[in-house]
Asker: 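One structure, pasted below without further comment.
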Amino acid sequence: GAVVSQHPSRVICKSGTSVKIECRSLDFQATTMFWYRQFPKKSLMLMATSNEGSKATYEQGVEKDKFLINHASLTLSTLTVTSAHPEDSSFYICSAPGGQGRSNQPQHFGDGTRLSIL
Amino acid sequence: SQQGEEDPQALSIQEGENATMNCSYKTSINNLQWYRQNSGRGLVHLILIRSNEREKHSGRLRVTLDTSKKSSSLLITASRAADTASYFCATARGETSGSRLTFGEGTQLTVNP
């Protein structure tokens with residue numbers, strides 16, 4: 001079945017560091033991918049929609065200069081947390097729609113990245 | 001912002017019992033999906049029910065959808081300790097799979113052996 005690979009699974013780094021998270025669709029193409037943030041024991045909050053060949057669409061309140069998204073190819077989207085600070089510590093998850101755009105298909109999620117900023 | 005609400009927020013049952021989780025939403029939808037999340041992991045798709053469907057089964061899972069009440073329920077029968085996880089409903093307003101999902105707050109299910 002469709003698989004989404006997210007890397008790295010865990011990052012611990014110092015304040016001020018920029019961190020890049022990769023999301024790859026392994027056996028299918030994804031013109032759209034989604035990036036979510038999840039706080040402990042909370043639901044997923046959509047941060048942005050990554051679009052291949054065009055700019056990402058950010059949700060209200062999400063700083064585009066802070067969270068840089070690049071949809072480099074039909075199988076890869078990256079999220080870069082620039083100059084990360086402790087308040088950026090969170091669980092970040094990506095997803096890619098299945099079914100090649102057909103209707104009523106689920107999304108496929110990566111395993112998430114636990115980001116801890118010291 | 002999240003539009004969905006789920007209840008209960010937490011549910012603890014014994015192995016073999018059934019678990020029922022409910023989800024409510026506020027806008028019209030094209031489909032509603034249920035996902036499972038093990039602690040510290042990504043989400044796994046369980047079942048998708050379209051807006052014109054009322055009930056759907058998959059193994060030990062049964063999902064109902066009542067669009068007039070804007071609500072859905074997920075029933076897990078004969079629960080197992082391995083069913084312990086968080087369960088989220090998510091609604092899609094658009095038809096294509098590229099439509100964004102809006103997630104409910106989730107139910108933390110604990111199945112005690």
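Protein chains get the first letters and strands the later ones, always in sequence-line order, with residue 1 at the start of each. Model, not experiment: these values are computed from the prediction.
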Asker: Of all the residues in residues 36-70 of chain B, which have a heavy atom that comes within less than 4.5 Å of a heavy atom in chain A?
Answerer: Q37(B), G40(B), R41(B), G42(B), L43(B), H45(B), L48(B), R50(B)

Asker: Could you tell me the separation between the CD atom of E15(B) and the OG1 atom of T84(B), rounded to the nearest 0.5 Å?
Answerer: 8.5 Å

Asker: Is the shortest heavy-atom distance from the side chain of S95(A) to the side chain of H108(A) under 4.5 Å?
Answerer: no

Asker: Top residue by heavy-atom pair count (under 4.5 Å) with chain B, among R10(A), K42(A), Q38(A), M33(A)?
Answerer: Q38(A)

Asker: Tell me, please, which residues at least two apart from E22(A) pass salt bridge (charged side-chain N to carboxylate O under 4.0 Å, His left out).
Answerer: R24(A)

Asker: Kindly state whether the ring of F103(B) and the ring of Y36(A) have centres lying under 6.0 angstrom apart.
Answerer: yes

Asker: Has K41(A) got more than 12 heavy atoms of other residues, nucleotides or ligands less than 6.0 Å from its NZ?
Answerer: no

Asker: Which members of residues 109-118 of chain A, sorted by number, sit under 4.5 angstrom from chain B on a heavy-atom basis?
Answerer: F109(A), G110(A), D111(A), R114(A)

Asker: How many angstroms lie between CH2 in W35(A) and CE in M45(A), if you round to the nearest 0.5 Å?
Answerer: 14.0 Å

Asker: With chain B as the partner chain, list the residues of residues 68-85 of chain A whose heavy atoms fall under 4.5 Å from it, by residue number, and write 'none' if nothing qualifies.
Answerer: none

Asker: Could you tell me whether the side chain of T107(B) and the main chain of P8(B) form a donor-acceptor pair under 3.5 Å?
Answerer: yes

Asker: Checking Q6(A) against chain B: side chain, backbone, both or neither under 4.5 Å from a heavy atom?
Answerer: neither

Asker: Mind running salt bridge (charged side-chain N to carboxylate O under 4.0 Å, His left out) on R100(B) and E59(A) for me, showing each step along the way?
Answerer: CA-CA 11 Å; R100(B) 52 183 288 179; E59(A) 295 300 303; 3.0 Å; yes

Asker: Would you say the side chain of I13(B) lies within less than 4.5 Å of the side chain of L109(B), judging by non-hydrogen atoms?
Answerer: yes

Asker: Does the side chain of H7(A) come within less than 4.5 Å of I21(A)'s, by heavy atoms?
Answerer: no

Asker: State whether the number of non-hydrogen atoms from other residues, nucleotides or ligands found under 6.0 Å of Q9(B) atom CD is greater than 12.
Answerer: no

Asker: Report yes or no: does N18(B) contribute a side-chain atom to a donor-acceptor pair with the main-chain N or O of A78(B) at less than 3.5 Å?
Answerer: yes

Asker: Under 3.5 Å, is there a donor-acceptor pair between the side chain of Q107(A) and the main chain of P97(A)?
Answerer: no

Asker: Return the CG to OG distance between N112(B) and S12(B), rounded to the nearest 0.5 Å.
Answerer: 4.0 Å

